[in-house]
Asks: 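Just passing along the structure, written as structure tokens.
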Amino acid sequence: MADILEVEITSLGAQGDGVGDADGTPVFVPFTMPGDIVKAAVKDKRRNGLYTELLDVISPSVQRQEPPCQHFGACGGCQLQFMNDAVYSSWVRERASMALAHHGFTDVPVLDPAISPRASRRRVSLKALKTVSGVVLGFNERQSHKVVNLKACPVTRAELTSLFDPLRKVLGATLAQAMAANVHMTLTATGVDMMIDAPMSLDLAARERLVEFVNAHDIASLHWQEQGFLDPVAIRREPVMDFGGVHVPLPPAAFIQATDEGEAALAGAVVAACEGYGRVADLFSGIGTFTFPLARGHQVMAAEGAKSALDALKAGVSTATGLRQVITRHRDLFRQPISAAELDKIDAVVFDPPRAGAAAQVAEIAKSTVKRVVAVSCNPNTFSRDARTLVDGGYTLDSVLPVDQFLWSPHLELVGVFTRV
Ligand SMILES: C[S@@+](CC[C@H](N)C(=O)[O-])C[C@H]1O[C@@H](n2cnc3c(N)ncnc32)[C@H](O)[C@@H]1O
């Protein structure tokens, strides 16, 4: 087989690569879409097809658009921004359908996707590297450890991108030559919560410089982390998440949804699916993204494995008004899932596990008498596997809502609604 191919792209794969065909073998070409005719160099021959590098778009699809980001191509994020909105949106839906079909769900209604807009990402993790010509700050280049020095990031909130240049300056004065650091930023209801992870401790001058930076940019809090040791450099305001008026302190490294819009779409779907059901269990509750909106109308049992997240949730409960009863369970739900017998007192279960899914917990739900189950997942493959267990246990999968919080990337969240028949 020739190592340089001319291919017509006819579909999109699950990871967002365009897919064509060479003598009956699938050919995957990054940065391409259906309608393109391209020239590509074969890089890797795998069991499922040929993986290539794009050399040239000979004839572009009419549905291409000018990529909005100046770093497109070099930066490892947002590889699908050359598709127009209509094509991207239909691909998001198709991606959900493909994962479901892989597990035999071919006739489940997949709803219109909720896609977060540009400039909505409220949490970013950046790499920083001090070089002779200043600090390089940004995301990794595609398939590389090199860092793209970001001038702009069209998917991220302006409150975070406006800190890129000031960060370069303060890190330039603080890091040693050739030193690398990671910068984690989250936009909370009280301002930016920042953690800088670097292999050095701070002397007095560095500490004062960082405090000045924090004050100048009205940053809520800054921690410096060295070898796992968290140094609270400046805590001007406690970082807090606002879940419909309930204020929850955000512990370092606790999970939150990536955009306000994504959180609203997920929570809205969860609350709507639980309407009319009495007691609800919110499993893998985190700091209470779904617990609090649910607790406006239901008694809720929130179960979570991270103690700091559950403590934050309890702190939110203690200051909130207008909630029904919230009880909490600190549990490793992989090793000790809430049992079918415990679940029989519950009317609806919401579960939102990490990428690995919730196999052990779902096996218990499948044996229970719970009438309504809502699965929220950041992994369409483990979602479909867990959905199969529920359906084999007597549930129907009524609908699936795709929620995309990582615009122009293949990451996708799903909300599946199940009913016991
Ligand atoms: C995808 S997050 C969802 C959190 C929350 N539902 C939200 O939307 O913010 C998954 C949560 O599962 C928790 N988790 C991970 N492994 C767990 C386990 N074995 N047992 C219980 N909780 C676990 C994490 O701490 C995290 O809070």
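Numbering of ligands and ligand atoms starts at 1, following listing order.
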Asks: Can you tell me how far apart NZ (Lys146) and NZ (Lys127) are? Round to the nearest 0.5 Å.
Replies: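 With rounding to 0.5 Å, NZ (Lys146) is 14.5 Å from NZ (Lys127).
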Asks: Using the six-membered ring of Phe105, assess whether NZ or CZ of Arg388 lies under 6.0 Å from its centre and within 45 degrees of the ring axis.
Replies: yes
Asks: Mind running ring pair (Phe, Tyr, Trp, His ring centres under 6.0 Å) on Phe290 and Phe243 for me, showing each step along the way?
Replies: CA-CA 8 Å; Phe290 306 138; Phe243 296 124; 9.0 Å; no
Asks: Quick one: CD on Gln65 to OH on Tyr88, what's the gap to the nearest 0.5 Å?
Replies: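 It comes to 11.5 Å.
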Asks: Nearest 0.5 Å, what's the CD-CZ distance between Gln361 and Arg331?
Replies: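 One gets 8.0 Å once the value is rounded to the nearest 0.5 Å.
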Asks: With rounding to the nearest 0.5 Å, note down the distance linking CZ in Arg207 to CG in Asp231.
Replies: 4.0 Å
Asks: I need the contact residues for ligand 1: any residue with a non-hydrogen atom closer than 4.0 Å to the ligand, ordered by chain then number.
Replies: Phe255, Gln257, Phe284, Ser285, Gly286, Thr289, Phe290, Glu304, Gly305, Ala306, Arg331, Asp332, Leu333, Phe334, Asp352, Pro353, Pro354
